[in-house]
4 protein chains.
Amino acid sequence: MVNRVILIGNLGKDPEVRSLENGAMVAKFSLATGESYRDKEGNWQEQTEWHDIIVWRAVAERAEKSLKKGMTIYLEGKLTHRTWQDKDSNNRKTTEIVADYFRIVKNSSGANGASFPSEKDDPNNRNNVSNVSDAPMPTASEELPVTADDDLPF
Amino acid sequence: MVNRVILIGNLGKDPEVRSLENGAMVAKFSLATGESYRDKEGNWQEQTEWHDIIVWRAVAERAEKSLKKGMTIYLEGKLTHRTWQDKDSNNRKTTEIVADYFRIVKNSSGANGASFPSEKDDPNNRNNVSNVSDAPMPTASEELPVTADDDLPF
Amino acid sequence: MVNRVILIGNLGKDPEVRSLENGAMVAKFSLATGESYRDKEGNWQEQTEWHDIIVWRAVAERAEKSLKKGMTIYLEGKLTHRTWQDKDSNNRKTTEIVADYFRIVKNSSGANGASFPSEKDDPNNRNNVSNVSDAPMPTASEELPVTADDDLPF
Amino acid sequence: MVNRVILIGNLGKDPEVRSLENGAMVAKFSLATGESYRDKEGNWQEQTEWHDIIVWRAVAERAEKSLKKGMTIYLEGKLTHRTWQDKDSNNRKTTEIVADYFRIVKNSSGANGASFPSEKDDPNNRNNVSNVSDAPMPTASEELPVTADDDLPF
DNA sequence: TTTT
DNA sequence: TTTT
């Protein structure tokens, strides 16, 4: 089974961050994606979707440090649905995207908003993390340049 | 803005298909994705997510013809959320995935269930459609093999 | 079978656009994706991947009009590989991404480079196109607001 | 920058697995994705793409244990290109997909080839790994059911 | 060849 | 609640 969501959108507010009793950090925020289209009168209409995003642990810590209302971010995650009963015993359903990766596409403020944020601002990104699990991770004494093709056993 | 969902899962039932007054066809079905994990006692637990899928027009027609309860399919689409009020004037929210592409990964029945279904069973797939918009679409008199690289102006 | 590529990166040059004899338009460009990482001395290193992108027909026309060297774009497409023989009869292989969708994430110039480009600048985007095939597309006399849930036959 | 590839296809051979001097395991295999289309005579043609896949470390170990020629798998990864010079000093380019996740969609043999393989056969999958990093991971004494919404601090 |  |  595969369950994968990819979004680029804007944060409606700063993330809300909490810690559970077991120490795990959680962050939640809303992300707006939208599309513009012309209606039959030729006027631009905006159809905005607000997605509820939840992130855990290291991703939540990174969200707390780096995400602010108004930013545009890229994220990947999975769709989860929870069913519960409200005070009138009606069945209610909540849908959230559990994101396991995000990166900032654009800061909202003018400051460095004009630039695609460098990954240097974003040290815990998946690419670096991936280096741990995907790459040979040479020790200092046997550093292999990525292009050192001859060192590969193929 | 980007809003993209990718799922592989099983149909809970045959699709429900309807036509609107304007002639547009709509189909809906539920798709289960799941993951297994060991709980603290070491027993396998299954966490199933049921997603509400909706497809329109040509995709709905193809769904009606080809999709059956129990099949495993791959699909791509976008997440949409609608807010409405129930009889008690509570705000309720419904989340659906509007799929613009699907393909069968496995038939549920034993018949040809063992084989990855051929695209020959699936003539309206995106790849064929893409040929219309993505490829040179040569006329009969100037058919270009895909490998006829020399005919390309680069 | 599924073959899907998703990239966000920068254009190395303006697209090269050509028309085939059959009238089909083709555009090609290179897209850089990169990741930064610290090397063992703690210096930032950049690992850039240059991807060859090819787009056809309507997507090529849109690329010609809207894409410029230095822009950051999001795209989706598929991986294709072609094998050919060079002048020394060596087998050579070329890999290209045939993109069927793109959207501008950031203009390179200062002008409106600070803003996430509106879809209003981007009328041929997939979302609009999707409206044609995914939505009921009501006629003027029976316009249905997207939220007019009651009009749906479910 | 984002660089993401999603494939469902068939393994051309068993993976080739090696260990580097630093102990890192590497596995390589070819994956075929294809699409069928009718040519102008109305005959079915098959266009197969063969992708070179490379996986590292834990993913490579899992590939060695579980992947066999003929299986259909889903994978996610990133595109990488390497440039090198052949014996005639020609610049040559090699494209590989560095996969960071895969799962078996269909076994090739008749044995349990008819069923979508359970994640129970696939213990090192991303979903389980994600549980480690994405979920609260309660200790035994404070186990929280996934639906125990009231225990979350929102 | 881009970008930070 | 964002953004254009």
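No hydrogens, no waters, no symmetry mates; every other heavy atom, side chains included, goes into these values. Convention: sequence-line order gives letters A, B, ...; per-chain numbering from 1.
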Side chain to side chain donor-acceptor pair (under 3.5 Å) partner of Thr95(B), the single match among His51(B), Arg82(B), His81(B): His81(B)
Taking [atom1] from [X] and [atom2] from [N], how many angstroms apart are they, rounded to a whole number?
X	N	atom1	atom2	value
Lys106(A)	dT4(E)	NZ	P	14 Å
Asn107(A)	dT3(E)	CG	P	19 Å
Gln47(A)	dT1(F)	CD	P	17 Å
Asn91(D)	dT1(E)	CG	C1'	15 Å
Lys28(C)	dT2(E)	NZ	P	20 Å
Met1(B)	dT2(F)	CE	C1'	7 Å
Ile8(C)	dT2(E)	CD1	C1'	15 Å
Glu46(A)	dT3(F)	CD	P	12 Å

Which atom names give the shortest non-hydrogen contact between Ile97(B) and Leu75(B), and what distance separates them?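 Taking Ile97(B) first and Leu75(B) second, the nearest heavy atoms are CG2-CD1, 4.2 Å.
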For Lys13(A), answer base if it contacts any base atom (sugar-phosphate contacts may also be present), sugar-phosphate if it contacts only those atoms, and nothing otherwise; contact means non-hydrogen atoms under 4.0 Å.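 Answer is base: heavy atoms of Lys13(A) come under 4.0 Å of a base.
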With the stacking rule set at 5.5 Å and 30°, tell me whether Trp50(A) counts as stacking on dT2(F). no
Once hydrogens and angles are ignored, does a donor-acceptor distance under 3.5 Å link the base of dT2(F) to the side chain of Thr48(A)? yes
Which residues satisfy the side-chain contact (heavy atoms from CB on, under 4.5 Å) test with Thr80(A), sequence neighbours excluded?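 Thr80(A) satisfies side-chain contact (heavy atoms from CB on, under 4.5 Å) with Lys78(A), Glu96(A), Val98(A), Glu49(B) only.
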Run the side-chain contact (heavy atoms from CB on, under 4.5 Å) test against Asp86(B) and tell me which residues pass, sequence neighbours left out. Asn90(A), Trp84(B), Asp88(B), Asn90(B), Arg92(B)
